[in-house]
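In what follows, chains carry the letters A, B, and so on, assigned in the order in which the sequence lines appear, proteins first and then strands, with residues in each chain numbered from 1.
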Number of protein chains: 2
Amino acid sequence: MTRKRLTREESRDQTRQRLLDAALALIAQKGLAATSVEDIAEAAGYSRGAVYSNFGGKGDLFIELLRRDHQQATAEFDAVFDDALPIAEIRERMRELYVSLYADTACFMNWTEARMLAARDADFRDKFAALISEKCGQVAGYVGYFYQRLGVEPPASPEVIAMGFMSLMEGVKLFMLSSPLEMRAQHAEAALAVFMDSITELATLKSTP
Amino acid sequence: MTRKRLTREESRDQTRQRLLDAALALIAQKGLAATSVEDIAEAAGYSRGAVYSNFGGKGDLFIELLRRDHQQATAEFDAVFDDALPIAEIRERMRELYVSLYADTACFMNWTEARMLAARDADFRDKFAALISEKCGQVAGYVGYFYQRLGVEPPASPEVIAMGFMSLMEGVKLFMLSSPLEMRAQHAEAALAVFMDSITELATLKSTP
DNA sequence: GCATCCTAATACACACCTGTATCTGAATAC
DNA sequence: GTATTCAGATACAGGTGTGTATTAGGATGC
(Lines give C-alpha, C1' and ligand atoms only; values in the text may rest on other atoms or scores of the structure.)
Protein backbone atom coordinates (compact mmCIF):
# COMPACT_ATOMS: atom_id res chain seq x y z
CA MET A 1 0.00 0.00 0.00
CA THR A 2 2.88 2.39 -0.59
CA ARG A 3 1.05 3.79 -3.58
CA LYS A 4 2.60 7.12 -4.32
CA ARG A 5 0.33 10.10 -4.51
CA LEU A 6 0.19 11.03 -8.16
CA THR A 7 0.51 14.50 -9.57
CA ARG A 8 -2.07 15.60 -12.08
CA GLU A 9 0.21 14.91 -14.99
CA GLU A 10 1.15 11.46 -13.75
CA SER A 11 -2.47 10.63 -13.16
CA ARG A 12 -3.43 11.79 -16.60
CA ASP A 13 -0.68 9.74 -18.17
CA GLN A 14 -1.75 6.71 -16.20
CA THR A 15 -5.28 7.14 -17.52
CA ARG A 16 -4.01 7.37 -21.08
CA GLN A 17 -1.88 4.26 -20.71
CA ARG A 18 -4.73 2.29 -19.21
CA LEU A 19 -7.05 3.37 -21.99
CA LEU A 20 -4.46 2.40 -24.59
CA ASP A 21 -3.91 -0.98 -22.93
CA ALA A 22 -7.63 -1.66 -22.90
CA ALA A 23 -7.96 -0.57 -26.51
CA LEU A 24 -5.05 -2.79 -27.54
CA ALA A 25 -6.74 -5.89 -26.20
CA LEU A 26 -10.28 -5.07 -27.28
CA ILE A 27 -9.49 -3.96 -30.80
CA ALA A 28 -7.30 -6.99 -31.33
CA GLN A 29 -10.15 -9.20 -30.18
CA LYS A 30 -13.17 -7.59 -31.79
CA GLY A 31 -11.81 -5.27 -34.43
CA LEU A 32 -11.79 -1.50 -34.52
CA ALA A 33 -15.30 -1.02 -35.90
CA ALA A 34 -16.89 -3.42 -33.44
CA THR A 35 -15.19 -1.81 -30.46
CA SER A 36 -17.06 1.17 -29.09
CA VAL A 37 -15.58 4.03 -27.13
CA GLU A 38 -17.65 2.84 -24.22
CA ASP A 39 -16.13 -0.65 -24.42
CA ILE A 40 -12.66 0.78 -24.18
CA ALA A 41 -13.42 3.17 -21.35
CA GLU A 42 -15.25 0.55 -19.34
CA ALA A 43 -12.52 -2.05 -19.78
CA ALA A 44 -10.01 0.51 -18.54
CA GLY A 45 -12.21 1.34 -15.57
CA TYR A 46 -13.35 4.76 -16.75
CA SER A 47 -16.34 6.28 -18.49
CA ARG A 48 -16.54 7.60 -22.06
CA GLY A 49 -15.67 11.07 -20.90
CA ALA A 50 -12.13 9.93 -20.13
CA VAL A 51 -11.58 8.91 -23.74
CA TYR A 52 -12.86 12.15 -25.22
CA SER A 53 -10.92 14.09 -22.64
CA ASN A 54 -7.66 12.32 -23.51
CA PHE A 55 -8.01 11.64 -27.22
CA GLY A 56 -9.78 13.15 -30.18
CA GLY A 57 -11.91 10.06 -30.45
CA LYS A 58 -11.64 6.39 -31.30
CA GLY A 59 -9.66 6.91 -34.49
CA ASP A 60 -7.22 9.19 -32.78
CA LEU A 61 -6.78 6.73 -29.94
CA PHE A 62 -6.07 3.96 -32.43
CA ILE A 63 -3.32 5.93 -34.14
CA GLU A 64 -1.85 6.74 -30.76
CA LEU A 65 -1.91 3.06 -29.92
CA LEU A 66 0.07 2.21 -33.03
CA ARG A 67 2.48 5.01 -32.35
CA ARG A 68 3.12 3.81 -28.82
CA ASP A 69 3.68 0.26 -30.00
CA HIS A 70 6.00 1.46 -32.71
CA GLN A 71 8.05 3.48 -30.23
CA GLN A 72 8.36 0.54 -27.88
CA ALA A 73 9.49 -1.72 -30.71
CA THR A 74 11.95 0.91 -31.91
CA ALA A 75 13.46 1.17 -28.45
CA GLU A 76 13.95 -2.59 -28.22
CA PHE A 77 15.31 -2.65 -31.74
CA ASP A 78 17.83 0.09 -31.08
CA ALA A 79 19.03 -1.66 -27.95
CA VAL A 80 20.02 -4.69 -30.02
CA PHE A 81 21.55 -2.86 -32.91
CA ASP A 82 24.83 -1.95 -31.27
CA ASP A 83 27.91 -1.77 -33.48
CA ALA A 84 30.15 -2.57 -30.58
CA LEU A 85 28.74 -6.06 -30.24
CA PRO A 86 30.06 -8.97 -32.27
CA ILE A 87 27.91 -9.93 -35.21
CA ALA A 88 26.93 -13.31 -33.76
CA GLU A 89 25.67 -11.66 -30.60
CA ILE A 90 23.59 -9.14 -32.55
CA ARG A 91 22.18 -11.93 -34.65
CA GLU A 92 21.16 -13.95 -31.61
CA ARG A 93 19.61 -11.01 -29.81
CA MET A 94 17.81 -10.01 -32.95
CA ARG A 95 16.44 -13.50 -33.28
CA GLU A 96 15.13 -13.39 -29.72
CA LEU A 97 13.62 -9.98 -30.25
CA TYR A 98 11.96 -11.13 -33.42
CA VAL A 99 10.50 -14.20 -31.72
CA SER A 100 9.03 -12.13 -28.92
CA LEU A 101 7.59 -9.59 -31.33
CA TYR A 102 6.22 -12.31 -33.53
CA ALA A 103 4.53 -14.00 -30.59
CA ASP A 104 2.55 -10.87 -29.76
CA THR A 105 -0.73 -11.68 -31.45
CA ALA A 106 -2.68 -8.68 -30.17
CA CYS A 107 -0.23 -6.19 -31.62
CA PHE A 108 -0.08 -8.10 -34.87
CA MET A 109 -3.85 -8.03 -35.22
CA ASN A 110 -3.89 -4.30 -34.65
CA TRP A 111 -1.20 -3.62 -37.21
CA THR A 112 -3.04 -5.76 -39.72
CA GLU A 113 -6.26 -3.97 -38.90
CA ALA A 114 -4.36 -0.75 -39.51
CA ARG A 115 -3.17 -2.03 -42.87
CA MET A 116 -6.75 -2.76 -43.91
CA LEU A 117 -7.79 0.68 -42.80
CA ALA A 118 -4.88 2.27 -44.63
CA ALA A 119 -5.78 0.38 -47.79
CA ARG A 120 -9.28 1.87 -47.62
CA ASP A 121 -8.88 5.33 -46.15
CA ALA A 122 -6.50 7.84 -47.69
CA ASP A 123 -6.35 10.05 -44.61
CA PHE A 124 -5.45 7.22 -42.33
CA ARG A 125 -2.99 5.94 -44.91
CA ASP A 126 -0.99 9.15 -44.64
CA LYS A 127 -0.68 8.91 -40.87
CA PHE A 128 0.13 5.22 -41.13
CA ALA A 129 2.80 5.89 -43.73
CA ALA A 130 4.97 7.77 -41.26
CA LEU A 131 5.10 4.79 -38.91
CA ILE A 132 5.68 2.20 -41.59
CA SER A 133 8.33 4.27 -43.27
CA GLU A 134 10.38 4.31 -40.08
CA LYS A 135 9.89 0.63 -39.48
CA CYS A 136 10.98 -0.20 -43.02
CA GLY A 137 14.07 1.91 -42.56
CA GLN A 138 15.01 0.01 -39.42
CA VAL A 139 14.62 -3.40 -40.97
CA ALA A 140 16.35 -2.32 -44.16
CA GLY A 141 19.27 -1.10 -42.08
CA TYR A 142 19.50 -4.48 -40.45
CA VAL A 143 19.35 -6.31 -43.77
CA GLY A 144 21.97 -4.08 -45.37
CA TYR A 145 24.23 -4.50 -42.38
CA PHE A 146 24.20 -8.25 -42.65
CA TYR A 147 24.81 -8.46 -46.37
CA GLN A 148 27.66 -6.04 -45.91
CA ARG A 149 29.16 -8.13 -43.12
CA LEU A 150 28.70 -11.21 -45.29
CA GLY A 151 30.48 -9.47 -48.15
CA VAL A 152 27.79 -10.51 -50.59
CA GLU A 153 25.95 -8.32 -53.06
CA PRO A 154 22.29 -8.43 -51.97
CA PRO A 155 19.88 -9.77 -54.64
CA ALA A 156 17.89 -6.54 -54.38
CA SER A 157 18.08 -3.29 -52.42
CA PRO A 158 17.97 -3.75 -48.64
CA GLU A 159 14.70 -1.80 -48.61
CA VAL A 160 13.07 -4.23 -51.00
CA ILE A 161 14.39 -7.26 -49.17
CA ALA A 162 13.21 -5.77 -45.88
CA MET A 163 9.71 -5.21 -47.19
CA GLY A 164 9.60 -8.66 -48.70
CA PHE A 165 10.70 -10.12 -45.40
CA MET A 166 8.09 -8.19 -43.46
CA SER A 167 5.39 -9.16 -45.95
CA LEU A 168 6.30 -12.80 -45.68
CA MET A 169 6.21 -12.69 -41.89
CA GLU A 170 2.90 -10.92 -41.78
CA GLY A 171 1.40 -13.13 -44.43
CA VAL A 172 2.42 -16.30 -42.64
CA LYS A 173 1.19 -15.05 -39.30
CA LEU A 174 -2.20 -14.02 -40.65
CA PHE A 175 -2.50 -17.34 -42.41
CA MET A 176 -1.71 -19.12 -39.17
CA LEU A 177 -4.22 -17.15 -37.12
CA SER A 178 -6.99 -17.46 -39.67
CA SER A 179 -6.40 -21.09 -40.67
CA PRO A 180 -4.73 -22.74 -37.69
CA LEU A 181 -5.71 -26.20 -38.83
CA GLU A 182 -3.96 -25.83 -42.17
CA MET A 183 -1.03 -23.69 -41.09
CA ARG A 184 0.19 -25.07 -37.80
CA ALA A 185 3.09 -23.49 -35.99
CA GLN A 186 5.50 -26.09 -37.32
CA HIS A 187 4.31 -25.50 -40.86
CA ALA A 188 4.74 -21.77 -40.43
CA GLU A 189 8.30 -22.30 -39.25
CA ALA A 190 8.99 -24.67 -42.11
CA ALA A 191 7.52 -22.29 -44.66
CA LEU A 192 9.55 -19.37 -43.34
CA ALA A 193 12.63 -21.56 -43.29
CA VAL A 194 12.18 -22.55 -46.94
CA PHE A 195 12.21 -18.96 -48.07
CA MET A 196 14.82 -17.69 -45.68
CA ASP A 197 17.16 -20.63 -46.15
CA SER A 198 16.92 -20.37 -49.90
CA ILE A 199 18.02 -16.78 -49.79
CA THR A 200 20.79 -17.19 -47.27
CA GLU A 201 22.03 -20.43 -48.79
CA LEU A 202 22.13 -18.88 -52.22
CA ALA A 203 23.99 -15.87 -50.82
CA THR A 204 26.48 -18.16 -49.13
CA LEU A 205 26.99 -20.24 -52.25
CA LYS A 206 27.65 -17.11 -54.24
CA SER A 207 30.02 -15.69 -51.65
CA THR A 208 32.30 -18.76 -52.00
CA PRO A 209 32.25 -19.78 -55.68
CA MET B 1 -34.96 -5.37 -76.02
CA THR B 2 -35.02 -9.11 -76.53
CA ARG B 3 -34.81 -9.59 -72.82
CA LYS B 4 -36.00 -13.06 -72.12
CA ARG B 5 -38.83 -13.48 -69.71
CA LEU B 6 -37.29 -14.98 -66.58
CA THR B 7 -38.68 -17.85 -64.62
CA ARG B 8 -38.98 -17.43 -60.91
CA GLU B 9 -35.84 -19.37 -60.26
CA GLU B 10 -33.84 -17.42 -62.81
CA SER B 11 -35.12 -14.18 -61.41
CA ARG B 12 -34.23 -15.20 -57.89
CA ASP B 13 -30.78 -16.23 -58.97
CA GLN B 14 -30.30 -12.94 -60.74
CA THR B 15 -31.22 -11.10 -57.57
CA ARG B 16 -28.76 -13.15 -55.57
CA GLN B 17 -25.97 -12.52 -58.05
CA ARG B 18 -26.64 -8.79 -58.09
CA LEU B 19 -26.67 -8.67 -54.33
CA LEU B 20 -23.39 -10.59 -54.21
CA ASP B 21 -21.82 -8.29 -56.80
CA ALA B 22 -22.86 -5.23 -54.84
CA ALA B 23 -21.59 -6.74 -51.61
CA LEU B 24 -18.28 -7.63 -53.23
CA ALA B 25 -17.59 -4.03 -54.18
CA LEU B 26 -18.94 -2.42 -51.03
CA ILE B 27 -17.30 -4.69 -48.51
CA ALA B 28 -13.99 -4.40 -50.33
CA GLN B 29 -14.28 -0.63 -50.18
CA LYS B 30 -15.65 -0.04 -46.70
CA GLY B 31 -15.15 -3.26 -44.82
CA LEU B 32 -17.72 -5.75 -43.62
CA ALA B 33 -18.65 -4.00 -40.38
CA ALA B 34 -19.07 -0.60 -42.02
CA THR B 35 -21.27 -1.98 -44.78
CA SER B 36 -24.91 -2.19 -43.81
CA VAL B 37 -27.47 -4.54 -45.25
CA GLU B 38 -29.21 -1.48 -46.60
CA ASP B 39 -26.06 -0.34 -48.42
CA ILE B 40 -25.80 -3.66 -50.18
CA ALA B 41 -29.45 -3.88 -51.14
CA GLU B 42 -29.57 -0.32 -52.37
CA ALA B 43 -26.40 -0.66 -54.45
CA ALA B 44 -27.90 -3.73 -56.07
CA GLY B 45 -31.15 -1.89 -56.75
CA TYR B 46 -33.27 -3.65 -54.14
CA SER B 47 -34.45 -3.02 -50.61
CA ARG B 48 -33.35 -4.75 -47.43
CA GLY B 49 -36.10 -7.29 -47.77
CA ALA B 50 -34.31 -8.82 -50.74
CA VAL B 51 -31.27 -9.57 -48.65
CA TYR B 52 -33.14 -11.20 -45.79
CA SER B 53 -35.25 -13.11 -48.28
CA ASN B 54 -32.20 -14.50 -50.09
CA PHE B 55 -29.66 -14.87 -47.32
CA GLY B 56 -29.67 -15.46 -43.61
CA GLY B 57 -28.21 -12.02 -43.07
CA LYS B 58 -25.05 -10.08 -43.72
CA GLY B 59 -22.72 -12.74 -42.37
CA ASP B 60 -24.36 -15.44 -44.40
CA LEU B 61 -24.16 -13.33 -47.52
CA PHE B 62 -20.46 -12.73 -46.92
CA ILE B 63 -19.70 -16.44 -46.68
CA GLU B 64 -21.69 -17.01 -49.84
CA LEU B 65 -19.66 -14.32 -51.52
CA LEU B 66 -16.41 -16.05 -50.63
CA ARG B 67 -17.80 -19.38 -51.73
CA ARG B 68 -18.81 -18.00 -55.11
CA ASP B 69 -15.42 -16.42 -55.62
CA HIS B 70 -13.70 -19.62 -54.63
CA GLN B 71 -15.75 -21.64 -57.08
CA GLN B 72 -14.98 -19.24 -59.90
CA ALA B 73 -11.26 -19.38 -59.14
CA THR B 74 -11.41 -23.16 -58.94
CA ALA B 75 -13.02 -23.37 -62.34
CA GLU B 76 -10.35 -21.18 -63.92
CA PHE B 77 -7.67 -23.11 -62.12
CA ASP B 78 -8.96 -26.48 -63.31
CA ALA B 79 -9.12 -25.25 -66.89
CA VAL B 80 -5.40 -24.53 -66.82
CA PHE B 81 -4.33 -27.66 -65.03
CA ASP B 82 -4.62 -30.03 -67.96
CA ASP B 83 -2.21 -32.96 -68.07
CA ALA B 84 -2.47 -33.15 -71.84
CA LEU B 85 -0.82 -29.78 -72.28
CA PRO B 86 2.96 -29.39 -72.41
CA ILE B 87 4.51 -28.15 -69.21
CA ALA B 88 5.61 -24.84 -70.71
CA GLU B 89 2.08 -24.12 -71.83
CA ILE B 90 0.64 -24.86 -68.40
CA ARG B 91 3.28 -22.69 -66.80
CA GLU B 92 2.48 -19.77 -69.07
CA ARG B 93 -1.26 -20.08 -68.60
CA MET B 94 -0.81 -20.39 -64.88
CA ARG B 95 1.26 -17.25 -64.86
CA GLU B 96 -1.46 -15.37 -66.71
CA LEU B 97 -4.14 -16.70 -64.40
CA TYR B 98 -2.11 -15.74 -61.39
CA VAL B 99 -1.56 -12.21 -62.71
CA SER B 100 -5.26 -11.71 -63.31
CA LEU B 101 -6.19 -13.08 -59.89
CA TYR B 102 -3.53 -10.98 -58.24
CA ALA B 103 -4.79 -7.84 -59.94
CA ASP B 104 -8.26 -8.28 -58.46
CA THR B 105 -8.00 -5.95 -55.50
CA ALA B 106 -11.65 -6.16 -54.42
CA CYS B 107 -11.52 -9.94 -54.04
CA PHE B 108 -8.21 -9.74 -52.27
CA MET B 109 -9.57 -7.26 -49.74
CA ASN B 110 -12.53 -9.51 -49.03
CA TRP B 111 -10.40 -12.56 -48.49
CA THR B 112 -8.16 -10.62 -46.16
CA GLU B 113 -11.18 -9.30 -44.33
CA ALA B 114 -12.31 -12.90 -44.06
CA ARG B 115 -8.95 -13.88 -42.61
CA MET B 116 -9.27 -11.23 -39.93
CA LEU B 117 -12.76 -12.42 -39.13
CA ALA B 118 -11.59 -16.03 -39.01
CA ALA B 119 -8.78 -15.08 -36.66
CA ARG B 120 -11.34 -13.57 -34.29
CA ASP B 121 -14.46 -15.67 -34.60
CA ALA B 122 -14.33 -19.42 -34.10
CA ASP B 123 -17.64 -20.07 -35.85
CA PHE B 124 -16.64 -18.19 -38.93
CA ARG B 125 -13.23 -19.82 -38.82
CA ASP B 126 -14.82 -23.23 -39.26
CA LYS B 127 -16.74 -22.19 -42.34
CA PHE B 128 -13.71 -20.42 -43.71
CA ALA B 129 -11.55 -23.49 -43.16
CA ALA B 130 -13.46 -25.50 -45.75
CA LEU B 131 -12.72 -22.98 -48.47
CA ILE B 132 -9.07 -22.46 -47.56
CA SER B 133 -8.47 -26.15 -47.28
CA GLU B 134 -9.56 -26.69 -50.86
CA LYS B 135 -7.56 -23.75 -52.10
CA CYS B 136 -4.44 -25.01 -50.36
CA GLY B 137 -4.94 -28.39 -51.91
CA GLN B 138 -5.09 -26.91 -55.37
CA VAL B 139 -1.95 -24.85 -55.00
CA ALA B 140 -0.12 -27.70 -53.32
CA GLY B 141 -1.04 -29.93 -56.24
CA TYR B 142 0.42 -27.40 -58.59
CA VAL B 143 3.63 -27.07 -56.56
CA GLY B 144 4.08 -30.82 -56.29
CA TYR B 145 3.48 -31.24 -59.98
CA PHE B 146 6.26 -28.84 -60.86
CA TYR B 147 8.85 -30.23 -58.51
CA GLN B 148 8.04 -33.67 -59.84
CA ARG B 149 8.43 -32.52 -63.44
CA LEU B 150 11.68 -30.83 -62.47
CA GLY B 151 12.87 -34.06 -60.86
CA VAL B 152 13.97 -32.22 -57.73
CA GLU B 153 13.19 -33.06 -54.16
CA PRO B 154 11.14 -30.12 -52.82
CA PRO B 155 12.71 -28.36 -49.79
CA ALA B 156 9.50 -29.01 -47.84
CA SER B 157 6.16 -30.69 -48.43
CA PRO B 158 4.17 -29.22 -51.35
CA GLU B 159 1.49 -28.18 -48.85
CA VAL B 160 3.95 -26.16 -46.81
CA ILE B 161 5.50 -24.58 -49.87
CA ALA B 162 2.04 -23.76 -51.18
CA MET B 163 1.02 -22.08 -47.97
CA GLY B 164 4.27 -20.17 -47.81
CA PHE B 165 3.76 -19.03 -51.35
CA MET B 166 0.21 -17.89 -50.67
CA SER B 167 1.29 -16.10 -47.50
CA LEU B 168 4.03 -14.28 -49.32
CA MET B 169 1.65 -13.18 -52.08
CA GLU B 170 -0.96 -11.98 -49.66
CA GLY B 171 1.55 -10.29 -47.43
CA VAL B 172 3.12 -8.40 -50.31
CA LYS B 173 -0.23 -7.37 -51.71
CA LEU B 174 -1.51 -6.08 -48.39
CA PHE B 175 1.72 -4.21 -47.87
CA MET B 176 1.35 -2.65 -51.29
CA LEU B 177 -2.24 -1.58 -50.76
CA SER B 178 -1.63 -0.20 -47.29
CA SER B 179 1.73 1.46 -47.95
CA PRO B 180 1.78 2.26 -51.66
CA LEU B 181 4.47 4.87 -51.25
CA GLU B 182 6.89 2.42 -49.67
CA MET B 183 5.95 -0.71 -51.59
CA ARG B 184 5.46 0.33 -55.20
CA ALA B 185 4.45 -2.19 -57.81
CA GLN B 186 8.02 -2.56 -59.00
CA HIS B 187 9.23 -3.19 -55.48
CA ALA B 188 6.56 -5.78 -54.97
CA GLU B 189 7.64 -7.57 -58.12
CA ALA B 190 11.27 -7.34 -57.08
CA ALA B 191 10.52 -8.63 -53.60
CA LEU B 192 8.52 -11.56 -54.93
CA ALA B 193 11.26 -12.26 -57.46
CA VAL B 194 13.93 -12.38 -54.75
CA PHE B 195 12.12 -15.10 -52.87
CA MET B 196 10.85 -17.03 -55.86
CA ASP B 197 14.11 -16.88 -57.75
CA SER B 198 16.07 -18.00 -54.73
CA ILE B 199 13.92 -21.08 -54.42
CA THR B 200 13.80 -22.00 -58.06
CA GLU B 201 17.45 -21.20 -58.64
CA LEU B 202 18.44 -23.30 -55.68
CA ALA B 203 16.26 -26.13 -56.92
CA THR B 204 17.81 -25.89 -60.37
CA LEU B 205 21.34 -25.82 -58.98
CA LYS B 206 20.62 -28.92 -56.96
CA SER B 207 19.02 -30.72 -59.89
CA THR B 208 22.27 -30.43 -61.91
CA PRO B 209 25.14 -30.85 -59.45
C1' DG C 1 -59.40 -16.16 -65.37
C1' DC C 2 -59.14 -17.25 -60.71
C1' DA C 3 -56.71 -18.96 -56.60
C1' DT C 4 -52.27 -19.69 -54.86
C1' DC C 5 -47.54 -18.91 -54.02
C1' DC C 6 -43.46 -16.50 -53.50
C1' DT C 7 -40.28 -12.57 -53.95
C1' DA C 8 -39.23 -8.34 -52.41
C1' DA C 9 -41.01 -3.82 -50.19
C1' DT C 10 -42.43 -1.63 -46.18
C1' DA C 11 -43.35 -0.78 -41.30
C1' DC C 12 -42.10 -1.43 -36.70
C1' DA C 13 -39.71 -2.12 -32.31
C1' DC C 14 -35.58 -2.17 -30.27
C1' DA C 15 -30.68 -1.53 -29.53
C1' DC C 16 -26.47 0.85 -29.88
C1' DC C 17 -23.05 4.39 -30.78
C1' DT C 18 -21.25 9.08 -31.31
C1' DG C 19 -20.02 13.66 -29.89
C1' DT C 20 -21.06 17.63 -27.30
C1' DA C 21 -22.43 20.13 -23.37
C1' DT C 22 -22.77 20.39 -18.70
C1' DC C 23 -21.58 19.14 -14.09
C1' DT C 24 -18.75 17.38 -9.99
C1' DG C 25 -15.09 16.60 -7.04
C1' DA C 26 -10.37 16.46 -6.24
C1' DA C 27 -5.71 18.55 -7.03
C1' DT C 28 -3.16 22.81 -7.17
C1' DA C 29 -2.05 27.69 -6.21
C1' DC C 30 -1.83 31.51 -3.30
C1' DG D 1 -8.43 27.69 3.79
C1' DT D 2 -10.31 29.56 -0.08
C1' DA D 3 -10.34 30.11 -5.14
C1' DT D 4 -9.16 28.09 -9.34
C1' DT D 5 -8.42 24.58 -12.56
C1' DC D 6 -8.91 20.41 -14.75
C1' DA D 7 -9.83 15.27 -15.34
C1' DG D 8 -13.36 12.58 -15.83
C1' DA D 9 -18.66 11.44 -15.09
C1' DT D 10 -23.13 12.18 -16.64
C1' DA D 11 -26.97 13.72 -19.52
C1' DC D 12 -28.71 14.64 -23.92
C1' DA D 13 -29.80 14.86 -28.88
C1' DG D 14 -29.30 12.77 -33.16
C1' DG D 15 -28.25 9.31 -36.15
C1' DT D 16 -27.88 4.46 -37.81
C1' DG D 17 -28.28 -0.27 -37.66
C1' DT D 18 -30.71 -4.98 -37.13
C1' DG D 19 -34.19 -8.50 -37.59
C1' DT D 20 -38.97 -9.64 -37.79
C1' DA D 21 -43.70 -9.18 -39.05
C1' DT D 22 -46.74 -7.73 -42.34
C1' DT D 23 -48.08 -6.44 -46.98
C1' DA D 24 -48.33 -5.89 -52.12
C1' DG D 25 -48.01 -7.55 -56.63
C1' DG D 26 -46.35 -10.36 -60.21
C1' DA D 27 -45.48 -15.45 -61.46
C1' DT D 28 -47.41 -20.02 -61.56
C1' DG D 29 -50.87 -23.78 -61.70
C1' DC D 30 -55.31 -25.43 -62.95
Side-chain angles (χ1 to χ4, degrees), chain A residues 1-23 25-65 68 113 117 120-121 123-124, chain B residues 1-23 25-27 29-65 113 117 120-121 123-124:
Chain A
M1 281 301 277
T2 47
R3 203 174 330 152
K4 178 188 156 200
R5 188 155 189 79
L6 301 174
T7 72
R8 252 185 200 169
E9 199 177 352
E10 285 170 328
S11 169
R12 186 173 167 81
D13 190 59
Q14 188 182 61
T15 302
R16 295 183 114 243
Q17 297 305 321
R18 284 179 179 167
L19 286 171
L20 288 172
D21 289 339
L26 281 171
I27 296 173
Q29 196 176 48
K30 309 200 299 175
L32 181 61
T35 304
S36 70
V37 172
E38 174 116 46
D39 288 336
I40 296 169
E42 196 187 12
Y46 297 90
S47 72
R48 283 171 45 230
V51 172
Y52 286 106
S53 167
N54 280 285
F55 302 95
K58 193 169 66 170
D60 205 59
L61 187 151
F62 185 54
I63 281 275
E64 215 54 49
L65 180 57
R68 186 183 70 157
E113 178 94 39
L117 209 59
R120 287 174 175 140
D121 177 349
D123 280 350
F124 182 82
Chain B
M1 283 297 280
T2 48
R3 204 174 329 152
K4 179 188 157 199
R5 189 157 188 78
L6 301 173
T7 72
R8 252 186 199 169
E9 200 177 352
E10 286 170 327
S11 170
R12 187 173 166 82
D13 190 61
Q14 188 183 61
T15 301
R16 295 183 112 242
Q17 296 305 321
R18 284 179 179 167
L19 287 171
L20 288 172
D21 289 339
L26 282 172
I27 295 172
Q29 198 176 47
K30 309 200 296 174
L32 182 62
T35 303
S36 70
V37 172
E38 175 116 44
D39 288 337
I40 296 169
E42 195 186 15
Y46 296 92
S47 72
R48 283 171 46 225
V51 172
Y52 286 104
S53 167
N54 279 284
F55 302 94
K58 195 168 67 170
D60 205 57
L61 186 151
F62 185 53
I63 280 276
E64 215 54 50
L65 181 57
E113 178 94 40
L117 210 59
R120 289 174 174 140
D121 176 348
D123 280 350
F124 182 83

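Going from atom OH of A:Y46 over to atom P of D:dT10 covers 14 Å, rounded to whole Å. Taking atom CZ of B:R18 as the reference point, atom P of C:dT7 lies 16 Å away to the nearest angstrom. Per the geometry, CD belonging to A:Q14 stands 17 Å off C1' belonging to D:dC6, to the nearest Å. Rounded to whole Å, atom C1' of C:dA26 lies 16 Å from atom CD of A:E10. Look at CD on A:Q17: it is 12 Å from P on D:dG8, rounded to the nearest Å. Rounded to whole angstrom, the span from the CG atom of A:L61 across to the P atom of D:dG8 amounts to 13 Å. Summarising the geometry, the separation between CG on A:D13 and C1' on D:dG8 is reported as 16 Å, rounded to the nearest angstrom. Distance CG (A:L32) to P (C:dT18): 10 Å, rounded to an integer number of Å.
The CZ atom of A:R16 lies 8.5 Å from the CG atom of A:L61; values are rounded to the nearest 0.5 Å. Here the CD atom belonging to B:Q29 is positioned 8.5 Å from the OG1 atom belonging to B:T35, to the nearest 0.5 angstrom. In this structure, CG in A:L26 is found 11.0 Å from CG in A:L32, a value given to the nearest 0.5 Å.
With contacts defined as side-chain heavy-atom distances shorter than 4.5 Å, the pair A:F55/A:L20 qualifies. The side-chain heavy atoms of B:K30 and A:D121, taken from C-beta on, include no pair separated by under 4.5 Å.
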* **Reading 5' to 3' through nucleotides 11-24 of chain D, protein heavy-atom contacts under 4.0 Å coded B for base, S for sugar-phosphate only, - for none** => ------SBBB----
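Within the 3.5 Å criterion, the main-chain N or O of B:S36 finds a donor-acceptor partner in the side chain of B:D39.
Checking the phosphate oxygens (OP1, OP2) of C:dA8, a side-chain nitrogen or oxygen of B:T15 falls inside 4.0 Å. The phosphate of D:dA7 has neither OP1 nor OP2 within less than 4.0 Å of any side-chain N or O from A:N54.
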Output a table of donor-acceptor pairs, distance under 3.5 Å, between side-chain atoms of residues 40-52 of chain B and any protein atom two or more places apart or on a different chain; print 'none' if there are none.
from, atom 1, to, atom 2, distance (Å)
B:Y46, OH, B:T15, OG1, 3.3
B:Y46, OH, B:R18, NH1, 3.3

Can you check nucleotides 3-6 of chain C for protein contacts, nitrogen or oxygen pairs under 3.5 Å, and list what you find?
from, atom 1, to, atom 2, distance (Å)
C:dC5, O2, B:R8, NH2, 2.8
C:dC6, O4', B:R8, NH1, 3.2

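Of the charged side-chain nitrogens involved, none lies within less than 4.0 Å of a carboxylate oxygen, so that A:K58 and A:E38 do not count as a salt-bridged pair. Contact check on B:R120 versus A:E113 returns a salt bridge, with a Lys/Arg side-chain nitrogen under 4.0 Å from an Asp/Glu carboxylate oxygen.
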